[in-house]
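Down below is the structure, laid out as structure tokens.
In the text below, chain A, chain B and the rest are named by the order of the sequence lines, each starting its count at 1. What you see below is based on every heavy atom in this structure, not just the backbone, and it leaves out hydrogens, waters and symmetry mates.
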Amino acid sequence: MSYDRIWAAVKQVPRGRVSTYGRIAELVGAATPRVVGYAMAALPEGSDVPWHRIINARGEISLPRGGHGHRRQKRLLQEEGVRFDRQGRVDLDEFGWPPG
DNA sequence: AGATTGACTGCAT
DNA sequence: CATGCAGCCAATC
């Protein structure tokens, strides 16, 4: 089982932008959103895959609220210039990738 | 081999 | 805008 294709697609998300599980799934063409999420969870710690740029279709971080991972992801995105609204959501029309 | 679960999504209510 | 529900595929038990 190799998530290489999924990871390769995630690597193409430019800095300061975010993409969704569904978009990545469409991009690789051989996975459904759930599998993309599964691939993210299976990611080794020191990988160069920008996993934090992947959020759900509603523009929100999909990790459990208050969890360690959730906070880390939000911080990484903010460091790249991605802005969150008061509800902790990203405007996909502005930061989503691919655009449109 | 069958049941359960998960970093999901889209449509209906 | 929030909930509920079915469909989805792979990993785990």
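- Tracing side-chain contacts under 4.5 Å through hydrophobic residues (I, L, V, M, F, W, Y), one never reaches Trp97(A) starting from Val18(A); they form parts of separate clusters.
- The residue among Thr32(A) and Gln87(A) whose nearest nucleotide of DNA chain C lies closer to the 5′ end is Gln87(A).
- Following chains of ILVMFWY side-chain contacts shorter than 4.5 Å, one cannot reach Val13(A) starting from Leu63(A), and the two form parts of different hydrophobic clusters.
- Rounding to whole angstrom units, CD1 of residue Ile6(A) and C1' of dC8(B) are separated by 12 Å.
- In this structure, OH of Tyr3(A) is placed 12 Å from C1' of dA7(B), rounded to the nearest angstrom.
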Begin with the C-alpha distance, continue with both residues' side-chain angles, and end with the deciding distance and a verdict on salt bridge (charged side-chain N to carboxylate O under 4.0 Å, His left out) for Glu60(A) and Arg65(A).
CA-CA 10 Å; Glu60(A) 188 159 53; Arg65(A) 276 251 191 198; 3.5 Å; yes
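- A straight line from CG of Leu43(A) to C1' of dG6(B) spans 16 Å, rounded to a whole angstrom.
- The phosphate of dA2(C) has OP1 or OP2 within less than 4.0 Å of a side-chain N or O from Arg89(A).
- If you chain together hydrophobic residues whose side chains sit under 4.5 Å apart, Ile55(A) and Trp51(A) never meet in one group.
- Counting atom types as modelled, Tyr38(A) pairs no side-chain N or O with a base atom of dA11(C) as donor and acceptor under 3.5 Å.
- DNA chain B is contacted by both Val35(A) and Thr20(A); Val35(A) maps to the nucleotide lying nearer its 5′ end (nearest heavy atom per residue).
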Please enumerate all protein N or O atoms sitting under 3.5 Å from an N or O of nucleotides 3-5 of chain C, with distances to 0.1 Å.
none

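- With rounding to whole Å, Leu63(A) atom CG is found 13 Å from dC8(B) atom C1'.
- Arg5(A) places its CZ atom 16 Å from the C1' atom of dC9(C), with the value rounded to the nearest Å.
- Atom CE in Met40(A) sits about 13 Å away from atom P in dA7(B), given to the nearest Å.
- At a threshold of 4.0 angstrom between heavy atoms, the contacts of Arg65(A) with the nucleic acid are absent.
- To the nearest 0.5 Å, the span separating CZ on Arg72(A) from NE2 on His68(A) amounts to 5.0 Å.
- Counting to the nearest Å, the P atom of dC8(B) and the CD1 atom of Ile55(A) are 13 Å from each other.
- Within 4.0 Å of Ala41(A), counting heavy atoms only, lies at least one base atom of the nucleic acid.
- Closest to the Ala57(A) side chain, of the nucleotides dT9(B), dA10(C), dA7(B), is dT9(B).
- At a threshold of 4.5 Å between side-chain heavy atoms, the hydrophobic network of Ile, Leu, Val, Met, Phe, Trp and Tyr places Ile61(A) and Leu43(A) in two separate groups.
- Although no hydrogens or angles enter the test, the distance criterion places no donor-acceptor pair under 3.5 Å between the side chain of Arg53(A) and the main chain of Val10(A).
- A straight line from OH of Tyr21(A) to P of dT9(B) spans 8 Å, rounded to a whole angstrom.
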